[in-house]
Amino acid sequence: MMKCACDYCIYHKDGHCSLEIIQINEIGMCEECITVSIPSAILQTLKEEQSKKLESQ
């Protein structure tokens, strides 16, 4: 299994890619990567929460 660092890819599982064959492009990115869509309301809430955490540090 190929290691994978893209948590938002649909093929990412436990730090690895669940596909057997992948292609890496000329800049080192996986050509098969498909990222999950996060609804904008949820994304905005998560951004605000993360921003508040960073401000409090």
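Each residue takes its place number in the sequence, starting with 1.
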- Query: If you group Ile, Leu, Val, Met, Phe, Trp and Tyr by side-chain heavy-atom gaps below 4.5 Å, do Ile21 and Leu19 land in one group?
  - Reply: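 No, it is not one cluster - the side chains of Ile21 and Leu19 are not joined through contacts under 4.5 Å.
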- Message: Please list all pairs meeting side chain to side chain donor-acceptor pair (under 3.5 Å) that have one or both residues in residues 34-46, counting only residues at least two apart or in different chains.
- Response: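 The answer is Gln44-Glu48.
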- Message: Please list all pairs meeting side chain to side chain donor-acceptor pair (under 3.5 Å) that have one or both residues in residues 15-24, counting only residues at least two apart or in different chains.
- Response: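 Sorted pair list comes back empty.
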With rounding to the nearest 0.5 angstrom, report the [atom1] to [atom2] distance, [X] to [Y].
X     : Y     : atom1 : atom2 : answer
Glu55 : Gln50 : CD    : CD    : 11.0 Å
Ser51 : Leu46 : OG    : CG    : 12.5 Å
Glu31 : Met29 : CD    : CE    : 8.5 Å

Kindly list each side-chain donor-acceptor pair under 3.5 angstrom involving residues 3-15, sequence neighbours excluded, with atom names and distances?
residue : atom : partner : partner atom : Å
Asp7    : OD1  : His12   : NE2          : 3.3
His12   : NE2  : Cys4    : O            : 3.4

- Does CG in Leu54 sit with more than 12 non-hydrogen atoms of other residues, nucleotides or ligands closer than 6.0 Å?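 It does: Leu54 CG has more than 12 such atoms within range.
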- Task: Over all heavy atoms of both residues, which pair between Ile22 and Ile24 is shortest? Give the atoms and the distance, please.
- Result: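 In this case the closest contact between Ile22 and Ile24 is CD1-CD1, 3.8 Å.
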